[in-house]
There are 2 protein chains.
Amino acid sequence: MADIKSGVNLLFLREEELRQGIELLYFAYRDFTAEPDAILGDYGFGRAHHRVIYFVGRSPGITVSELLATLRITKQSLSRVLGQLVQEGFIVQTPGSRDRRQRLLELAPKGVELERMLTEKQRARFARAYREAGAEAVEGFRKVMLGLIDDADRRRFPARGADQRKRGEG
Amino acid sequence: MADIKSGVNLLFLREEELRQGIELLYFAYRDFTAEPDAILGDYGFGRAHHRVIYFVGRSPGITVSELLATLRITKQSLSRVLGQLVQEGFIVQTPGSRDRRQRLLELAPKGVELERMLTEKQRARFARAYREAGAEAVEGFRKVMLGLIDDADRRRFPARGADQRKRGEG
DNA sequence: ATTTTATGTCAGCCATGTTGACTTATATGC
DNA sequence: GCATATAAGTCAACATGGCTGACATAAAAT
């Protein structure tokens with residue numbers, strides 16, 4: 001244990017710690033997407049469809065532009081999957097009332113059901129992980145994850161304020 | 001604040017909390033892969049090449065089978081990218097001495113350099129996030145992430161034991 | 001000697017990203 | 001009102017990286 005505080009060893013631990021973070025993120029994301037992917041296959045859909053369904057379900061009335069900005073893909077890529085989802089009755093488009101060029105997107109009942117099925121798996125995964133880790137760990141998780149995300153997207157996640165549950169209040 | 005403890009509202013907060021987790025993971029992974037992807041483009045490589053280079057660099061002498069198990073892809077998929085990396089001198093293969101059917105993989109100097117360039121971006125991202133969040137948050141992050149990962153892969157992450165630095169020891 | 005295992009290969013398919021060029025409808029600014 | 005900008009969509013072509021299926025080779029294991 002003598003050399004554990006040597007510069008070299010501290011550097012090694014740091015490197016090891018960072019690599020572990022990288023791998024945790026890789027494996028977590030891989031496993032996190034696996035279950036929905038399997039369900040999507042039954043519908044002839046892929047992961048891209050899930051993302052669209054998810055964010056439309058999350059923000060009913062979202063415009064195509066907003067969706068593009070969220071997903072950071074081209075409109076041609078989005079068009080392919082969105083077109084299918086509209087065609088097959090999972091998503092409905094209605095012209096914007098203020099700006100009639102816009103197509104406001106929302107889930108049709110069929111889409112709501114599929115969204116629930118898909119996201120349920122991921123929600124369950126998080127529920128288990130959160131429960132096992134405890135509230136304090138969840139707070140740390142949030143902090144680190146926010147730090148990993150590009151500044152431009154952090155605003156999507158409101159800071160834990162007075163109107164939200166905090167440690168010890170529940 | 002009166003209804004904040006009502007069943008309905010607790011359910012809402014829980015749902016919101018879980019969705020936030022889902023989105024944190026989605027955005028973090030998306031941003032985490034963006035920088036290396038840009039560099040890979042300059043080499044005519046893709047994200048799949050990065051994964052191979054990463055895990056070979058991480059475990060020099062790893063066999064093709066082990067790599068397949070880690071990545072959870074088919075050997076045909078791996079073959080495509082691994083073949084290129086060997087062809088272009090980023091990875092070298094040497095027959096296993098105990099089992100000569102195996103091809104033990106390790107990075108050539110060129111591969112080491114590329115690996116460093118790619119992973120450096122991700123390491124820096126984690127270093128910043130960890131530093132900003134603090135040691136306690138990092139511990140929580142680890143706990144939650146481990147909980148998200150399939151049981152089969154958790155063994156890749158040794159529990160923080162006596163031979164590793166713990167809070168307050170450093 | 002047979003069977004199993006580790007690896008590689010050929011061929012083709014699918015999903016999902018990209019660029020580039022162009023259209024249409026509507027909103028906005030002068 | 002007219003010119004321009006914006007929201008959305010479309011067609012075409014291409015790249016990446018998954019997949020299945022079938023088959024080949026060499027070495028290990030039984």
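Below, read A as the first sequence line, B as the second, and so on, with proteins coming before strands; counting in each chain starts at 1.
Salt bridge present: B:R125 and A:D150 bring a charged side-chain N and a carboxylate O closer than 4.0 Å. A salt bridge between B:D31 and A:R72 is present, with a side-chain N of the basic residue lying under 4.0 Å from a carboxylate O of the acidic one. Ion pair B:E115/B:R58 not flagged as a salt bridge, since none of the NZ, NE, NH1 or NH2 atoms sits closer than 4.0 Å to an Asp/Glu carboxylate oxygen. Under the 4.0 Å criterion applied to side-chain N and carboxylate O atoms, B:E113 and B:K110 are not assigned as salt-bridge partners. Taking a cutoff of 4.0 Å between a charged side-chain nitrogen and a carboxylate oxygen, A:R19 and A:E15 qualify as a salt bridge.
Under the 4.5 Å side-chain heavy-atom criterion for Ile, Leu, Val, Met, Phe, Trp and Tyr, B:L71 and A:F32 are members of the same hydrophobic cluster. Under a hydrophobic-cluster definition in which Ile, Leu, Val, Met, Phe, Trp and Tyr are linked whenever side-chain heavy atoms come within less than 4.5 Å, directly or via other members, A:I53 and A:V112 are assigned to the same cluster.
Across the helix from C:dA1-D:dT30 to C:dC30-D:dG1, the helix axis at one end is tilted relative to the axis at the other end by 30° (nearest 10 degrees, each axis from five pairs).
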Where protein sits on nucleotides 13-18 of chain C, one letter per nucleotide: B base, S sugar-phosphate only, - none, heavy atoms under 4.0 Å = --SBBB
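For DNA chain D, the contact window with chain A, defined by any atom under 4.0 Å from a protein heavy atom, covers D:dA5 to D:dC11 in 5' to 3' order.
Less than 4.0 Å separates DNA chain D from at least one heavy atom of each of the following residues of residues 87-102 of chain A: A:Q93, A:R101, A:Q102.
Aromatic pair A:F55/B:Y26: centroids less than 6.0 angstrom apart.
In this view, A:S77 and A:I73, A:T74, A:R80 satisfy the side-chain contact (heavy atoms from CB on, under 4.5 Å) rule, not counting sequence neighbours. By the ring pair (Phe, Tyr, Trp, His ring centres under 6.0 Å) test, A:F45 pairs with A:H49, A:F90, sequence neighbours left out.
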